[in-house]
Student: 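Here it is: the structure, laid out below.
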2 protein chains.
Amino acid sequence: MNIYDVAKEANVSVATVSRVLNNHKNVKESTRKKVMDVIKGKDFVPNSAAKNLSMGESRNIALIVPDIENPFFAKLLHGLSDQAIEFGYNVFMFGTDEDTERELQILESLKSELLRGLVMIPVSEDSENTKVLLNRFREASAPVVLIDRDVRGGDFDGVFSQDDEGAFNAVECLIKAGHRKIAIIRGSDTSRPGYERYRGYKKALAKYNIELRKEYCPYGDFMEENSYQAMKKLMSLENPPTAVFSSNNMTTLGCLRYFKENNLKIGRDISIVGFDDIKELRYTDIDLTVVDRPVYEMGVEAMKLLRKAIETRDKADEDGLFVKRNFIKTRLIKRGSEFCERLGKGESGSLDVD
Amino acid sequence: MNIYDVAKEANVSVATVSRVLNNHKNVKESTRKKVMDVIKGKDFVPNSAAKNLSMGESRNIALIVPDIENPFFAKLLHGLSDQAIEFGYNVFMFGTDEDTERELQILESLKSELLRGLVMIPVSEDSENTKVLLNRFREASAPVVLIDRDVRGGDFDGVFSQDDEGAFNAVECLIKAGHRKIAIIRGSDTSRPGYERYRGYKKALAKYNIELRKEYCPYGDFMEENSYQAMKKLMSLENPPTAVFSSNNMTTLGCLRYFKENNLKIGRDISIVGFDDIKELRYTDIDLTVVDRPVYEMGVEAMKLLRKAIETRDKADEDGLFVKRNFIKTRLIKRGSEFCERLGKGESGSLDVD
DNA sequence: ATAATAAATGTAAGCGGTTTCAAAATTTCA
DNA sequence: TGAAATTTTGAAACCGCTTACATTTATTAT
């Protein structure tokens with residue numbers, strides 16, 4: 001059943017049916033009703049492909065994340081998806097498995113899709129090809145909104161976190177708990193969260209006059225296995241750290257794995273503060289202090305930014321295309337894993353802290 | 001840039017371009033090359049909306065899950081998505097938040113979408129409306145594949161688990177560890193996993209001549225909070241169980257929360273076996289014995305089933321439309337949480353067990 | 001070499017909507 | 001009451017692709 005059938009049945013033209021369907025003004029109330037009655041009687045549904053073709057645009061957007069199974073991204077998807085439904089968009093979901101090649105493939109395959117917009121957590125900040133493709137989307141009037149990670153020199157809208165501040169707070173918390181030998185397991189330098197959190201770490205050390213030691217700053221690349229290896233290396237230093245700032249949730253799992261396998265107990269042998277909460281730990285012996293973020297809300301926000309971008313572009317096109325970049329505040333949730341018996345449960349007293 | 005521009009540039013007709021694009025036979029190698037050169041030179045991408053409209057079908061499918069954030073579904077999505085890309089499909093993602101109304105809304109909104117297929121974990125087995133809508137999709141030649149949960153009387157293809165056997169093994173494991181007072185926290189009776197796992201539980205008790213006690217079988221509805229409440233009720237019975245079979249991952253979290261809050265230690269005060277693994281626990285003090293499933297693979301399998309359904313329908317239509325329902329085997333991973341000091345770490349010895 | 005056959009290409013009609021432009025119907029106002 | 005202004009409607013072109021059918025070109029067999 002299509003618009004012509006409806007038209008015939010209602011004794012009007014297709015143009016009129018179309019107007020009714022799209023809530024145009026200038027449709028007499030009586031004819032509107034006539035058409036609506038037919039539509040309700042039969043189960044007519046307008047063909048979206050035809051609509052898309054005719055209008056040169058769709059109500060579809062895509063979300064591309066590096067790791068579908070990471071709860072952080074799942075939560076993000078949840079928020080974004082809810083808001084998308086609210087706004088009447090459908091979302092295509094893709095995972096790149098942290099692989100730039102795959103990311104490019106996906107973007108490439110989406111070029112034919114008449115996407116209305118794109119929300120993306122890019123694998124790397126430095127993929128020129130990604131930038132080129134994203135720019136093409138933007139030019140084809142499919143705005144791009146980034147989340148969490150950036151694209152260098154891309155100048156895209158985005159929802160990010162105050163990563164460095166979050167990291168600073170995490171590390172400061174460890175310092176105030178009495179630690180001075182604090183390691184960080186870092187994410188790749190090709191991602192904002194990677195280098196910004198490292199920056200926060202360095203800032204905190206600097207503020208308290210703690211020397212930065214290169215060997216305390218291995219990469220875990222935000223991956224469990226690599227982080228496990230990094231932790232292992234840290235603990236086999238001749239002078240191992242007493243605390244570690246785990247700069248990502250997967251990283252934290254890697255650390256915990258090492259702790260468990262080597263019978264290191266948090267609070268007795270080692271301290272840890274993580275970035276991004278891990279819900280499942282709440283009910284275990286691990287009372288993890290973490291830098292937390294409103295992840296669901298970030299997803300929602302990304303969708304809102306995207307819609308705004310879609311609408312303003314539709315209107316002002318060349319005019320007001322200023323970039324909207326939000327930096328979401330983090331929050332330190334103290335649960336105790338920053339302390340360590342060896343150091344004495346020094347509240348903030350043991351060091352000269354303001 | 002469209003197919004006409006390409007045609008002009010290459011000095012051929014649009015039909016020829018179309019043929020080249022779709023790898024038709026009967027295209028001379030030389031003209032094929034001519035066209036391809038033009039396509040590569042300019043950056044032509046065929047408009048999928050036009051294609052969809054013209055062919056009356058798309059390469060899009062939808063995945064509808066009840067809870068986007070549940071790692072089980074995330075894993076499922078991962079497998080499905082990977083396989084979908086492999087097969088050249090894009091997947092729309094939706095979450096129903098375990099709400100039948102929302103489920104219906106989503107299905108309703110998808111009717112216009114020319115979907116090629118639908119993969120779904122329905123909220124409830126008993127939603128007549130859902131069944132009606134799904135049947136409509138199927139009739140509109142968009143096959144439906146269910147995962148994990150069923151639709152009563154729907155007769156849809158699907159990938160399920162051997163839930164009862166899995167549950168049976170879980171409970172038997174507890175029995176062999178010496179327990180006789182074993183509770184279950186159940187899922188809703190309106191879902192296959194809900195009642196099948198309960199069935200497995202009952203079977204196990206029956207086999208070992210253990211009386212079934214109604215008060216040991218509260219509902220947790222596969223939700224953390226409800227399961228927490230259920231656990232609380234269980235432990236405040238005058239004769240509380242010594243072990244619990246937690247029939248779902250969220251349920252397990254609810255139990256763990258109760259244990260932690262009430263200082264019950266697994267292995268000392270209580271035993272537990274779960275259904276569906278919880279990765280994050282691996283590195284904590286909780287060595288959870290669980291019924292595990294190849295979740296990623298189930299997602300892959302669902303996509304394979306879907307494609308088969310799409311293809312056979314395209315071909316044999318009325319002919320061979322027999323339903324394909326796979327029942328995936330579960331696997332019990334013993335990690336120790338089935339034991340309990342109070343009972344003596346009875347291997348299988350303490351009861352007469354074959 | 002030529003008719004018969006097969007292969008390659010082109011023409012044009014859809015697919016199901018939206019939208020411009022003109023015509024018809026209605027309302028407003030002198 | 002009739003012309004002008006306004007609202008409501010319809011005819012038909014268009015979006016960009018596929019494909020049935022017609023036509024041209026190449027190949028094969030006689």
Side-chain angles (χ1 to χ4, degrees), chain A residues 1-36 38-39 42-60 88 109-116 140-142 314, chain B residues 1-36 38-39 42-60 88 109-116 140-142 314:
Chain A
M1 177 148 210
N2 61 27
I3 211 178
Y4 284 87
D5 302 327
V6 175
K8 198 182 304 170
E9 192 113 11
N11 267 315
V12 296
S13 73
V14 292
T16 300
V17 176
S18 177
R19 289 190 188 102
V20 170
L21 252 32
N22 294 288
N23 292 312
H24 275 269
K25 56 217 154 235
N26 295 349
V27 181
K28 222 198 312 186
E29 191 47 40
S30 63
T31 56
R32 176 185 304 281
K33 190 167 177 325
K34 210 164 39 167
V35 172
M36 287 309 276
V38 173
I39 288 178
K42 322 281 155 179
D43 62 335
F44 165 74
V45 180
N47 179 317
S48 74
K51 182 163 188 163
N52 294 347
L53 173 59
S54 171
M55 309 224 301
E57 64 183 37
S58 73
R59 298 292 285 182
N60 300 335
S109 84
L110 284 175
K111 286 206 293 192
S112 67
E113 229 36 69
L114 278 192
L115 282 190
R116 201 62 191 288
S141 80
D314 278 3
Chain B
M1 177 147 210
N2 61 28
I3 212 178
Y4 284 88
D5 301 327
V6 176
K8 198 182 303 169
E9 193 111 13
N11 267 317
V12 296
S13 73
V14 291
T16 300
V17 176
S18 176
R19 288 188 190 104
V20 170
L21 252 32
N22 294 288
N23 291 313
H24 274 269
K25 55 215 155 242
N26 295 347
V27 181
K28 221 199 309 186
E29 191 46 40
S30 63
T31 55
R32 177 185 305 279
K33 191 166 176 325
K34 210 164 40 168
V35 172
M36 288 308 276
V38 174
I39 288 178
K42 320 282 156 179
D43 62 336
F44 164 74
V45 180
N47 179 317
S48 74
K51 181 164 190 164
N52 293 347
L53 173 59
S54 172
M55 309 224 300
E57 63 183 38
S58 72
R59 298 293 285 181
N60 300 334
S109 84
L110 284 175
K111 287 206 292 193
S112 67
E113 228 35 71
L114 277 193
L115 282 190
R116 201 63 191 287
S141 80
D314 279 3

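Owing to the predicted nature of the structure, the values given are computational and were not obtained by experimental measurement. Just the heavy atoms: all of them, side chains too, but no hydrogens, waters or symmetry mates, feed the values below. Chain identifiers are assigned alphabetically (A, B, ...) following the order of the sequence lines, protein sequences preceding nucleic acid strands; residue numbering begins at 1 within each chain.
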Student: Check whether any side-chain N or O of A:N26 sits under 4.0 Å from OP1 or OP2 of D:dT7, and answer yes or no.
Tutor: no
Student: What contact category does A:T31 fall into here, base, sugar-phosphate, or nothing, at under 4.0 angstrom with non-hydrogen atoms?
Tutor: sugar-phosphate
Student: OH of B:Y4 versus P of C:dG10: gap in Å, rounded?
Tutor: 13 Å
Student: I want to check something: taking the side chain as every heavy atom from C-beta on, are A:N2 and A:D5 in contact at a cut-off of under 4.5 Å?
Tutor: yes
Student: For a quick check of understanding: with a heavy-atom distance under 4.0 Å over all strands, which category does B:D5 fall into, base, sugar-phosphate or nothing?
Tutor: nothing
Student: With sugar-phosphate meaning primed atoms plus P, OP1 and OP2, does A:S18 contact a base, only sugar-phosphate, or nothing at under 4.0 Å between heavy atoms?
Tutor: base
Student: Categorize A:V17 for me: base, sugar-phosphate, or nothing, with a 4.0 angstrom heavy-atom threshold over every strand shown.
Tutor: nothing
Student: If we only count heavy atoms from C-beta on, is the B:V6 to B:M1 side-chain gap below 4.5 Å?
Tutor: yes
Student: I need the NZ-C1' distance between B:K25 and D:dT18, as an integer number of Å.
Tutor: 14 Å
Student: What is the distance, to the nearest angstrom, from the CE atom on B:M55 to the P atom on C:dA13?
Tutor: 22 Å
Student: B:E29 has an atom CD; how far is it from atom C1' of C:dT9, in whole Å?
Tutor: 16 Å
Student: Using the side-chain heavy atoms of B:H24, tell me which of these nucleotides is nearest: D:dC17, D:dT19, C:dT20.
Tutor: D:dT19
Student: Using a cut-off of strictly less than 4.0 Å, decide whether A:S54 has a side-chain nitrogen or oxygen near OP1 or OP2 of C:dT18.
Tutor: no
Student: How would you label the contact of B:N22 with the nucleic acid (heavy atoms, under 4.0 Å): base, sugar-phosphate, or nothing?
Tutor: sugar-phosphate
Student: So do the side chains of A:N47 and B:S112 get within less than 4.5 Å of each other, counting heavy atoms only?
Tutor: no
Student: Identify which nucleotide among D:dG16, C:dG17, C:dG10 has an atom closest to any side-chain atom of B:L53, counting heavy atoms from C-beta outward.
Tutor: D:dG16
Student: Measuring only between side-chain heavy atoms, which start at C-beta, is A:L114 closer than 4.5 Å to A:N60?
Tutor: no
Student: From CG of A:N52 over to P of D:dG16, roughly how many Å is that when rounded to an integer?
Tutor: 13 Å
Student: May I have the distance from B:L114 (atom CG) to C:dG17 (atom P), rounded to whole angstrom?
Tutor: 10 Å
Student: Taking the side chain as every heavy atom from C-beta outward, state whether A:R32 and A:N23 have any pair of such atoms under 4.5 Å apart.
Tutor: yes
Student: Kindly point out which of D:dA12, D:dT8, C:dG10 is positioned nearest to the side chain of B:A15?
Tutor: C:dG10
Student: For D:dT18, does OP1 or OP2 lie under 4.0 Å from any side-chain N or O of B:K51?
Tutor: yes
Student: Starting the side chain at C-beta, find the nucleotide from D:dT8, C:dT9, D:dT18 nearest to B:I3.
Tutor: D:dT18
Student: Check the distance between D:dT7's P and A:R32's CZ and give it to me in whole angstrom.
Tutor: 15 Å
Student: Check whether any side-chain heavy atom of A:V20 lies under 4.5 Å from a side-chain heavy atom of A:M36, and answer yes or no.
Tutor: yes
Student: So which nucleotide from C:dT9, D:dG10, D:dT18 ends up closest to the side chain of A:S13?
Tutor: D:dG10
Student: For B:N11 and C:dG10, give me the distance from atom CG to atom C1', rounded to whole Å.
Tutor: 13 Å
Student: Tell me whether the side-chain N/O atoms of B:N2 come closer than 4.0 Å to OP1 or OP2 in D:dG16.
Tutor: yes
